[in-house]
Amino acid sequence: MNTINFGTKNSHKYFPEFMIRAFYGKKTVNYLDAKSGQTIMGPKSNNFNARIGWYSDVNEEILNKEAEQQFQQLSIVLNKKAKRKNRDFSKFKMDPDVVYRFFAYQLIRDPTYSKVLLDELTARGGIKSPRKLLLQEFQNEAIKLENAVHSITGALKEVFAVVLEPNFTDSEYIAVNVPVMVNFTDGNTYILAVSPRVAFCLVSWGLYDNLSLGLVRDDGSNFVFKTNERIMAHAIAHEPHEVLGRNSEYLKMIHQDTKSKIRSEERRVGKE
């Protein structure tokens, strides 16, 4: 992909740095490439998935100030509670707008989702340009335009409720860069794991009401494993295919198991 140098700072294209450090600290990142199935030793966390000038310096500040700092603090609080296996959320305070806004920025930063937006706007003539924008240009434009972020955030708030999924089990979440969509017969859910102990969900209001969900769910190890399968399936199907997880053998096992289920489903559909 052609790129234009917009800034002088290390630009984490997909993963915010605090998410990477939640899994690896300041150490070397050993991530799984879900397309090839290989575990790859990358750079240390401050340089992983970074490209100088992908985002403008102004947009780096916007992402940091408007989305990542507040969301990071919220994630840290939840991570500490999950590590201590503290299930008492009676005094827990959270501004849901922090979650909606972070999800909006991550959807913009994700190449698959932002490419859909770009193609749709171009097809409708919503982008007045003598040429089609590069994806990098579009992402920078969307980040700096408050109206675009406000529109996406507003749409998320209208359709989805915020639900927290702290992980109190011995298993750990794995992570990709984008909220992963899960389809149900009576609604949809976006799941975004941001550390081995914390996932945030946006649950469609109909599903939320039907299941009588509250702010926090605690469904145990089965939910963690199913979530990891869906995260891996998304990474297998979509760019950038990078999966974070502290246990490389577990990542390989989840990859093989998910790949096998995908092939079985493809064979089943092919026979029908």
Side-chain heavy atoms under 4.5 angstrom apart, residues restricted to Ile, Leu, Val, Met, Phe, Trp, Tyr: same cluster for [X] and [Y]?
{"X": "L213", "Y": "L215", "answer": "yes"}
{"X": "L63", "Y": "I52", "answer": "no"}
{"X": "V77", "Y": "F103", "answer": "yes"}
{"X": "M19", "Y": "I40", "answer": "yes"}
{"X": "V58", "Y": "F138", "answer": "yes"}

Hey, is the main chain of [Y] close enough, under 3.5 Å, to the side chain of [X] for a donor-acceptor pair?
{"X": "N86", "Y": "A82", "result": "no"}
{"X": "S260", "Y": "Q256", "result": "no"}
{"X": "Q136", "Y": "I4", "result": "yes"}
{"X": "D218", "Y": "E165", "result": "no"}
{"X": "H12", "Y": "A50", "result": "no"}
{"X": "Y14", "Y": "N49", "result": "no"}
{"X": "N10", "Y": "N47", "result": "no"}
{"X": "S56", "Y": "G7", "result": "no"}
{"X": "N228", "Y": "S171", "result": "no"}
{"X": "H238", "Y": "P111", "result": "no"}

Find out whether [X] and [Y] are in side-chain contact, i.e. whether some heavy atom of one side chain is under 4.5 Å from a heavy atom of the other.
{"X": "I174", "Y": "L251", "answer": "yes"}
{"X": "F23", "Y": "S45", "answer": "no"}
{"X": "K27", "Y": "K44", "answer": "no"}
{"X": "I20", "Y": "V29", "answer": "yes"}
{"X": "L107", "Y": "L156", "answer": "yes"}
{"X": "D57", "Y": "T8", "answer": "yes"}
{"X": "K35", "Y": "I236", "answer": "no"}
{"X": "T153", "Y": "H150", "answer": "no"}

Would you say CG of D186 has more than 12 non-hydrogen atoms from neighbouring residues, nucleotides or ligands within 6.0 angstrom?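 Yes, because the 6.0 Å sphere around CG of D186 holds more than 12 heavy atoms from other groups.
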Check the surroundings of atom NZ in K65: do more than 12 heavy atoms from other residues, nucleotides or ligands lie under 6.0 Å from it?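 Check fails, neighbour count at 12 or below.
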So how far is it from [X] [atom1] to [Y] [atom2], rounded to the nearest 0.5 Å?
{"X": "H255", "Y": "M232", "atom1": "NE2", "atom2": "CE", "answer": "6.0 Å"}
{"X": "L145", "Y": "N147", "atom1": "CG", "atom2": "CG", "answer": "7.0 Å"}
{"X": "F225", "Y": "I254", "atom1": "CZ", "atom2": "CD1", "answer": "4.0 Å"}
{"X": "E60", "Y": "I143", "atom1": "CD", "atom2": "CD1", "answer": "8.5 Å"}
{"X": "N167", "Y": "S221", "atom1": "CG", "atom2": "OG", "answer": "9.0 Å"}
{"X": "Q70", "Y": "D97", "atom1": "CD", "atom2": "CG", "answer": "9.5 Å"}

Answer yes or no: is there an ion pair linking [X] with [Y], defined by an N-O contact shorter than 4.0 Å?
{"X": "E61", "Y": "K9", "answer": "yes"}
{"X": "K252", "Y": "E249", "answer": "yes"}
{"X": "E146", "Y": "R101", "answer": "yes"}
{"X": "K261", "Y": "E229", "answer": "yes"}
{"X": "E68", "Y": "R109", "answer": "yes"}

Checking F200 against F71 for the ring pair (Phe, Tyr, Trp, His ring centres under 6.0 Å) test, could you report, in this order, the C-alpha distance in whole Å, the side-chain angles of both residues, the deciding distance, and whether it holds? CA-CA 11 Å; F200 291 82; F71 192 84; 4.6 Å; yes
Taking the six-membered ring for Trp, are the ring centroids of F160 and Y190 within less than 6.0 Å of each other?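 Yes: the rings meet the under 6.0 Å criterion.
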Aromatic ring proximity F48/Y31, centre distance under 6.0 Å: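 Yes; Y31 has its ring centre under 6.0 Å from that of F48.
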Are V162 and M94 close enough, and set up right, to give a side-chain contact (heavy atoms from CB on, under 4.5 Å), and what steps lead you there? CA-CA 10 Å; V162 174; M94 183 194 73; 3.8 Å; yes
Do L74 and F92 pass the side-chain contact (heavy atoms from CB on, under 4.5 Å) test, and can you show the C-alpha distance, the side-chain angles, and the key distance before you say yes or no? CA-CA 10 Å; L74 178 58; F92 180 73; 3.5 Å; yes
Grab the two heavy atoms, one from [X] and one from [Y], that are nearest each other, plus how far apart they are.
{"X": "F223", "Y": "I191", "result": "CZ-CD1, 4.5 Å"}
{"X": "N177", "Y": "P240", "result": "OD1-CD, 3.5 Å"}
{"X": "W205", "Y": "K157", "result": "NE1-O, 3.1 Å"}
{"X": "V178", "Y": "Q106", "result": "CG2-O, 4.5 Å"}
{"X": "T189", "Y": "F184", "result": "OG1-CE1, 3.7 Å"}
{"X": "I108", "Y": "A142", "result": "CG2-CB, 3.8 Å"}

With no hydrogens and no angle check, do the side chains of R51 and S11 hold a donor and an acceptor under 3.5 Å apart?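 Note: R51 and S11 side chains miss the donor-acceptor criterion.
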side-chain contact (heavy atoms from CB on, under 4.5 Å) between Y24 and L244: does it pass, once the steps are laid out? CA-CA 9 Å; Y24 306 103; L244 306 183; 3.8 Å; yes
Chi angles and distances behind the salt bridge (Lys or Arg N to Asp or Glu O under 4.0 Å) call for D219, R217: CA-CA 6 Å; D219 274 9; R217 279 180 14 118; 3.0 Å; yes
Taking the cut-offs as 6.0 angstrom to the six-membered ring centre and 45 degrees off its axis, would you call R197 and Y173 a cation-pi pair?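 No, cation not above the ring by the 6.0 Å, 45° rule.
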Do T258 and R230 pass the side-chain contact (heavy atoms from CB on, under 4.5 Å) test, and can you show the C-alpha distance, the side-chain angles, and the key distance before you say yes or no? CA-CA 8 Å; T258 305; R230 285 158 177 154; over 6 Å; no
